[in-house]
Visitor: 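Sharing a structure below in structure tokens format, with a few things to ask.
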Amino acid sequence: HVSFMVDSFNDERRGFQFRVNPLGVQADANFSELEGYEDFSWDAIWKASARITDWGWAVEVAIPLNQLRFRRSDGPQTWGFEAERSWPRDTRHRMTSHVRSRNVNCILCQFNKLTGFEGIRPGQNIELTPTVTAGRTDAMPMTDYPDGSLERGRIDDQYGLSAKWGVTPNLILNGAVNPDFSQVEADVAQLEINRRFAVFYPEKRPFFLEGADFFLTPLQAVFTRTVADPLWGAKLTGKSGRTALGFFAAQDEMTNLIIPSNQGSAPAFLDQDAYGGVFRLRQDVGKMSTLGLLYTGRAGTGYSNHVAGADGFIRFDQKNSVIFQFLHSETDYPETLAAAYDQETDRFGGNALRLEYQHFSRSWFVDAVYNDRSPGFRADYGFIPRVDMRSGEAMVFRQIWGKPKSWFNLIRLGVAGLVGWDHEGTLTDRGVTFGTMYQGNLETVVNVHANFYRTYYGGQYFDTPYGDFVFRIRPFSGSQVGVVAQVGRSVDYANSRLANALAFGPNFSFSLFRHLNFVPSYIYERLSREGETIYTANLAQAKAVWNFSVRSFVRAIVQYQVLRQNPAQYAFPVDSRNRGLFTQFLFSYKLNPRTVLFLGYSDNALGGNFDSWLGPGRVAMTRTDRTFFLKIGYAWQI
């Protein structure tokens, strides 16, 4: 199948996340069926040209056959094809080359069918990409902070090679030796204070993004950002007939871990290499269903984690489906780490189960999920920060579609609830959400929810009713203005007590002069109790991109965070003020996705009142490090 999308953006998924996360509460990521997963990481080498004319605009696209995956055949072939344009104006229009029914929960089934292509060949599809990277980091030893100076680092030049080979027309082998797997896009900063569980950061590195949909499963047992600093990597992905295959392996020079539990998660680190890999097999069953197998493994000195299991996506008809996955893990931690984090010193195991039913139609969405993760379950190649839990969740909402030129495009009304226990039978989570969503003119979106939850933490129960609000509008072409807010009761996890919470965050996006894109945002969060502030957190960030042409741009990212804490409200020493500043500047020139030139600079600065470790007194904002970065890559096609 080929999907050709023009002027589109990742704004609408098949799933609907009914509620935003309350402060400090971990929510599982929603799982969408594979065909609802919009993957914008496809970076094949192809050509396109567009022109604005008196009558509108035109675009021409040329995709070499060796960049597509199809079976070699002398006779005619039938391909699925969709051309889609997202047209954001007063109302966002999605125009496709075929009729799409909202009553059919299958996108690929509705594609246009193109027949022909006799005698075409995909080509050898061999690509070699040598890379040269060089960087220098100047840093201040923390023992000298804040009075020290930056010590000049040495230039670290690295030479790497990435290769891509079409073993068959549908099976692609990627390999890399001493590659630069770093990402050139800085992560969007997130507040991490008063969070029980690890914060999720999405993958952005092209090597891992390509073919990422092959490794999607209901439980997030594969999360490639756990591979932090690989020395080499290899990946095999493809589909032959009704069988899809995915495999990757890597040697990582860092071993990062998340130690999960019911009440929270803790980060851990082993100063050693880790060897790991993932094997994924998925088989089409019937016309609309799949069954799959998954294995992940990672091992080092005195450490290992292995996970294996089966999953399925069973579609009974065009509206009803069941999704399931069962996994078993075996884990062995080094004695020092096990003692530090109160873990089993001998090899231990655990199970995880996810079972979900979905009904999706034009007017109704019904979703019911059951999760069961035993205390000993670990998925170190994935992102599962909570275990020792049995939970049930259900969601029902009604969709009302507006008519053309009506005052609304879509209204959703619904209710969601959850209940959860640990494996000793203690009720740990219970709650219900009532909500509504409105979509109208100027692409206006309004989400309002009333949430009533009970949380078990630190040996006691906390009732945390709160409300949240999301608003977004596009007041004129190339712009977006929005705000998110949350107010109500929350848990002060640092002190195990009930508190009042307020969170507020405006965000903007502007496209100016056809070349400049500016995206600023701000987050304010406050936790208080009996009129006394416990902490306030402020996070401001902005990204500006100037596009010289289709091939080159310059980008600046600035992130500034201020955290103020009231030491009198804590039972242990804390800093009364902490400030951090991150800046990044990048020049990018791309002939194609892998023939590139990156030239960048970034730095970090730290300041505040560090009462807990430097003693009383204010420390001005002081730069702690700076990095200069260069990367050159050239894609050589055979």
Side-chain angles (χ1 to χ4, degrees), residues 19-28 190-199 258-267 341-342 375 385-389 391 417-433 449-469 484-505 523-539 561-578 608-613:
R19 61 185 177 89
V20 300
N21 293 353
L23 295 174
V25 173
Q26 173 71 26
D28 290 328
Q190 301 183 58
L191 293 176
E192 298 186 13
I193 186 172
N194 205 48
R195 269 54 172 178
R196 286 195 291 164
F197 299 95
V199 177
I258 294 176
I259 308 297
S261 70
N262 178 277
Q263 296 288 280
S265 64
Y341 291 90
D342 193 25
R386 190 175 193 182
V387 296
D388 187 16
M389 58 172 287
S391 68
L418 71 85
V419 60
W421 300 264
D422 64 20
H423 276 245
E424 293 183 353
T426 302
L427 179 68
T428 58
D429 303 274
R430 187 181 68 190
V432 63
T433 292
H449 303 110
N451 310 275
F452 304 90
Y453 283 85
R454 167 167 283 195
T455 301
Y456 180 80
Y457 181 78
Q460 55 184 316
Y461 287 99
F462 300 96
D463 291 314
T464 56
Y466 67 95
D468 57 71
F469 171 80
V484 296
Q486 184 172 303
V487 62
R489 304 285 273 172
S490 184
V491 181
D492 175 10
Y493 294 109
N495 301 287
S496 296
R497 59 187 179 181
L498 200 61
N500 298 314
L502 171 66
F504 174 82
I523 300 174
Y524 171 83
E525 188 174 302
R526 179 176 182 265
L527 200 68
S528 62
R529 176 181 171 85
E530 298 177 352
E532 293 291 330
T533 297
I534 300 172
Y535 72 81
T536 60
N538 298 265
L539 175 60
Q561 180 172 321
V562 179
L563 173 64
R564 294 181 176 88
Q565 299 177 98
N566 184 354
Q569 291 292 316
Y570 287 83
F572 50 88
V574 296
D575 299 324
S576 58
R577 191 183 189 202
N578 189 308
N609 295 341
F610 301 110
D611 313 273
S612 66
W613 60 290

Visitor: Sub-3.5 Å donor-acceptor pair from the side chain of Q486 to the main-chain atoms of A501, do we have one?
Guide: no
Visitor: Using atom types as modelled and distance alone, determine if a side-chain donor or acceptor of N609 lies under 3.5 Å from a backbone N or O of S576.
Guide: no
Visitor: Applying side-chain contact (heavy atoms from CB on, under 4.5 Å) to R196 and T455, what does each step give before you reach the verdict?
Guide: CA-CA 12 Å; R196 286 195 291 164; T455 301; 3.9 Å; yes
Visitor: Among T464, D429, T433, whose side chain to side chain donor-acceptor pair (under 3.5 Å) with Y453 holds?
Guide: T433
Visitor: Write down the atom of S490, the atom of L498, and the distance for their closest heavy-atom approach.
Guide: O-CD1, 3.5 Å
Visitor: Between atom OH of Y570 and atom CG of D575, what is the distance when rounded to the nearest 0.5 Å?
Guide: 10.5 Å
Visitor: If you round to the nearest 0.5 Å, how far is CZ of R529 from CD of Q569?
Guide: 8.0 Å
Visitor: Any donor-acceptor pair under 3.5 Å linking the side-chain atoms of D388 with those of H423?
Guide: no
Visitor: Return the minimal non-hydrogen interatomic distance between V574 and P567, and the atom names on each side.
Guide: CG2-CA, 3.8 Å
Visitor: Of all the heavy-atom pairs spanning S496 and G458, show the shortest one and how long it is.
Guide: OG-CA, 4.4 Å
Visitor: With a 3.5 Å distance limit and no angle check, can you tell me whether N451 reaches the backbone of Y466 through a side-chain donor-acceptor pair?
Guide: yes
Visitor: Determine whether R386 and T428 make a side-chain contact, defined as any pair of heavy atoms from C-beta on separated by less than 4.5 Å.
Guide: yes
Visitor: Under a 4.5 Å cut-off applied to non-hydrogen side-chain atoms, are P375 and V387 in contact?
Guide: no
Visitor: Salt bridge (charged side-chain N to carboxylate O under 4.0 Å, His left out), that's the test. Do R195 and E525 meet it? Break it down for me.
Guide: CA-CA 12 Å; R195 269 54 172 178; E525 188 174 302; 2.9 Å; yes
Visitor: Do the side chains of V487 and F504 get nearer than 4.5 Å, heavy atoms only?
Guide: no
Visitor: For the residue pair P465 and F452, what are the closest heavy atoms and their distance?
Guide: CB-CD2, 3.9 Å
Visitor: State, to 0.1 Å, how close A494 and N194 come at their nearest heavy-atom pair, and which atoms those are.
Guide: N-OD1, 4.1 Å
Visitor: Can you sort out the partners of R454 under side-chain hydrogen bond (donor to acceptor under 3.5 Å, both in side chains), two or more places apart, ordered by chain and number?
Guide: D463
Visitor: With no hydrogens and no angle check, do the side chains of N500 and R489 hold a donor and an acceptor under 3.5 Å apart?
Guide: yes
Visitor: How long is the gap from OG1 on T536 to CG on L563, to the nearest 0.5 Å?
Guide: 7.0 Å
Visitor: Would you find a donor on one side and an acceptor on the other, under 3.5 Å apart, between the side chain of S261 and the backbone of G264?
Guide: yes
Visitor: Ignoring hydrogens and geometry, is there a side-chain-to-backbone donor-acceptor pair from Q263 to Y456 under 3.5 Å?
Guide: yes
Visitor: Atom CZ of R526 and atom OH of Y535: how far apart are they, to the nearest 0.5 Å?
Guide: 11.0 Å
Visitor: Would I534 and N566 count as a side-chain contact (heavy atoms from CB on, under 4.5 Å) if you check the C-alpha gap in whole Å, the side-chain angles of each, and the deciding distance to 0.1 Å?
Guide: CA-CA 5 Å; I534 300 172; N566 184 354; 5.8 Å; no
Visitor: Evaluate the side-chain proximity of L427 to V419: yes if any heavy-atom separation is below 4.5 Å, no if none is.
Guide: yes
Visitor: Just one of I193, N578, L191, I523 clears the side chain to side chain contact (heavy atoms under 4.5 Å, CB included) bar with Q561, so which one?
Guide: L191
Visitor: Using atom types as modelled and distance alone, determine if a side-chain donor or acceptor of N495 lies under 3.5 Å from a backbone N or O of R497.
Guide: no
Visitor: For Y341, check ring pair (Phe, Tyr, Trp, His ring centres under 6.0 Å) against everything at least two apart and list the hits.
Guide: none
Visitor: Under a 3.5 Å distance rule, please check whether S265 uses its side chain to pair with a backbone N or O of A198 as donor and acceptor.
Guide: yes
Visitor: Centre-to-centre under 6.0 Å for F462 and Y457, is that the case here?
Guide: no
Visitor: Is L418 close to R430 at the side-chain level, that is, under 4.5 Å between some pair of heavy atoms?
Guide: no
